[in-house]
Chemist: 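Take a look at this one; I'll ask things after.
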Amino acid sequence: MDTTLHTPSRQELFAGFFSVGLSGFGGVLPLAHRMLVMQRRWLSDAEFTEVLGLGQVLPGPNIVNVAVAVGSRFHGVSGALTAVGGLMLAPLVIVLSLAMLYGHYQSVPALRGVLAGLASAGAGLVVAMGLRLAEKLERRGWCLAIALLTLVAVGLWRLPLLAVLLVLAPLAIALAWRTRERRS
Amino acid sequence: MSVLLSLLGTFSLFSLMAVGGANALLPEIHRYVVESNGWMTGTEFAALFAIAQAAPGPNVLVVSLIGWKVAGVPGALVSTLGMCGPSSLLSFYVARLWQRFRASPWRRVIERGLAPVTIGLVLGSAWLLSRSANDGWASWLLCGATAMVAWKSRLNPLWLLGAGALLGWLGLV
């Protein structure tokens, strides 16, 4: 198997992220892995894990962060803009077309029913996403406590997110530091 | 004009708070567009989220749709720009540092520390969305069944959304 990596041109960056944006339903990260590592071989598996870790640790849409990191690695600022543009263009056009249809036919009873059903199922998908993440959580008391406290603070008490993050994120990172693995 | 500036400014701030992506932010966005400004009802908020889920592309599109509902296409564009801009700028600069600090124990510590915060935020969003989207036992049942199937199987989520849409069309939820 040919394992050499390929350096994409700007056109290829655009086309690659365009295909990811267009084909991802309910989460595009697995598709990004397939495109970047397996199909087009712009990154090795280890490099992808690294870029993904960065995209998830930083705030903001994860896949957009990944596109910025990959685009800028190959072509600096213009690469980052090209990759994000490719990623967002088609989905933005599609979702806005759907929105206009919705605006036009909002009052049709059948459509209201369809949207009510979609909304309930959509909420269920976010519940599942949370549960899948929770399964992978470290089995430590402080991890569970931080997750529950965050949930209660934003979900039940409706505290402002900024305040919650300013208190809980440093606390969680400090706890992670205390329980880090020490390599000899 | 002032609405567009408000959208741009608020989503720029949210961009830097979105630990775990746009889905972690929904309670805060709900507070901004439904509770504080009254630009839409909770039901409309849930419907827009559903449309974003049913379309291809990243989760962040829910922000574009909310911007559209508030101020049309310009609203969609400034909201998307606000949501992606500051965090992208941060990624751009941090990407280099990240490679340089490959061996630093801090990288792993930050990842491990933020993981439970992200989970709490996503489950908080899930709770808020479920309450906005479900208004009777049938819709709670659909929501719960979707969650279980999506959690335990590898089924493409589009099928689950399709099933929800069909049940809604038939007037069952």
Side-chain angles (χ1 to χ4, degrees), chain A residues 21-22 24-26 28 53-54 57-65 68-69 72 80 91-92 94-96 98-99 102 110 113-134 137 143 146-147 150-151 154-155 161-162 165 168-169 172-173 176-177 180, chain B residues 15-19 21-22 27-28 46-47 49-51 53-58 60-61 65 68 84 87-88 90-92 95 98 109-113 116-117 119-127 129-130 133-134 139 142-143 146-147 150-151 157-158 160-161 164-165 167-169 171 173:
Chain A
L22 203 50
F25 286 94
V28 289
L54 172 78
V57 135
L58 289 181
N62 297 336
I63 182 67
V64 176
N65 290 341
V68 168
S72 68
L92 203 53
I94 292 173
V95 90
L96 286 179
L98 286 175
Y102 163 69
V114 166
L115 281 171
L118 269 179
S120 293
L125 291 181
V126 181
V127 174
M129 177 185 168
L131 292 174
R132 268 203 303 272
L133 287 172
L137 189 65
C143 288
I146 292 282
T150 311
L151 168 61
V154 299
L161 181 60
L162 187 60
L165 286 178
L168 289 182
I173 290 170
W177 174 257
R180 71 194 184 278
Chain B
S15 172
L16 295 175
M17 295 196 277
V19 180
E28 201 67 16
F49 176 77
I51 296 175
Q53 289 261 332
V60 62
L61 290 172
L65 274 182
W68 169 82
C84 296
S87 54
S88 293
L90 194 65
S91 309
F92 183 80
W98 199 247
V109 165
I110 295 173
E111 284 173 1
R112 284 179 52 230
V117 177
I119 291 166
L121 292 180
V122 170
L123 287 173
S125 286
W127 170 240
L129 270 180
S130 303
N134 302 327
S139 50
L142 170 62
C143 181
T146 306
W151 180 28
L158 207 53
L160 295 168
L161 290 168
L167 290 171
W169 184 58
V173 288

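Values below: every heavy atom of this structure, side chains too, minus hydrogens, waters and symmetry copies. Numbers restart at 1 for each chain; the letters A, B, ... are given by sequence-line order, proteins then strands.
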Chemist: Using a 4.5 angstrom heavy-atom cutoff, name the option from B:F49, B:W68, B:W127 with the most pairs to chain A.
Modeler: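 Result: the option with the highest number of such pairs is B:W68.
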Chemist: If you count heavy-atom pairs under 4.5 Å between each of B:G171, B:A150, B:S125 and chain A, which one has the most?
Modeler: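 Sorted descending by pairs with chain A, the first entry is B:A150.
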Chemist: Please lay out, stage by stage, how B:L65 and A:L98 fare under the test side chain to side chain contact (heavy atoms under 4.5 Å, CB included).
Modeler: CA-CA 9 Å; B:L65 274 182; A:L98 286 175; over 6 Å; no
Chemist: Could you tell me which of A:L168, A:V64, A:N65, A:L96 has the largest number of non-hydrogen atom pairs under 4.5 Å with chain B?
Modeler: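 Sorted descending by pairs with chain B, the first entry is A:N65.
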Chemist: What part of A:L133 lies closer than 4.5 angstrom to a heavy atom of chain B: side chain, backbone, both or neither?
Modeler: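 Interface part for A:L133: both.
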Chemist: In terms of heavy-atom pairs under 4.5 Å with chain A, which of B:A147, B:P27, B:G21, B:A50 leads?
Modeler: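 Of the options given, most contacts go to B:A147.
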Chemist: Are any of the side-chain heavy atoms of B:L90 and A:P59 separated by less than 4.5 Å?
Modeler: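 Yes - at least one pair of side-chain heavy atoms lies under 4.5 Å apart.
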Chemist: Heavy-atom distances under 4.5 Å only: say whether B:V117 touches chain A with side chain, backbone, both or neither.
Modeler: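 Backbone plus side chain of B:V117, per the 4.5 Å heavy-atom cut-off to chain A.
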Chemist: Check each of A:L162, A:L161, A:V154 against B:E28 using the side chain to side chain contact (heavy atoms under 4.5 Å, CB included) test, and report the only one that passes.
Modeler: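 Result for side chain to side chain contact (heavy atoms under 4.5 Å, CB included) with B:E28: A:L161.
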Chemist: Could you look at A:I94 and say if it's the side chain, the backbone, both or neither that has a heavy atom under 4.5 Å from chain B?
Modeler: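 For A:I94, side-chain heavy atoms alone lie under 4.5 Å from chain B.
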Chemist: Between A:A169, A:G53, A:A69, who has the most heavy-atom pairs with chain B when the cutoff is under 4.5 Å?
Modeler: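 Most heavy-atom pairs within the cutoff with chain B belong to A:G53.
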Chemist: What part of A:I63 is in contact with chain B, defined as an atom under 4.5 angstrom from a non-hydrogen atom: side chain, backbone, both or neither?
Modeler: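 Side chain only.
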Chemist: Answer yes or no: is there a side-chain heavy-atom contact under 4.5 Å between B:S87 and A:L58?
Modeler: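 A side-chain contact is absent here, since even the closest heavy-atom pair is not under 4.5 Å.
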Chemist: Does any heavy atom of chain B fall under 4.5 Å from the side chain of A:A134, the backbone, both, or neither of them?
Modeler: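 Contact with chain B: backbone and side chain both.
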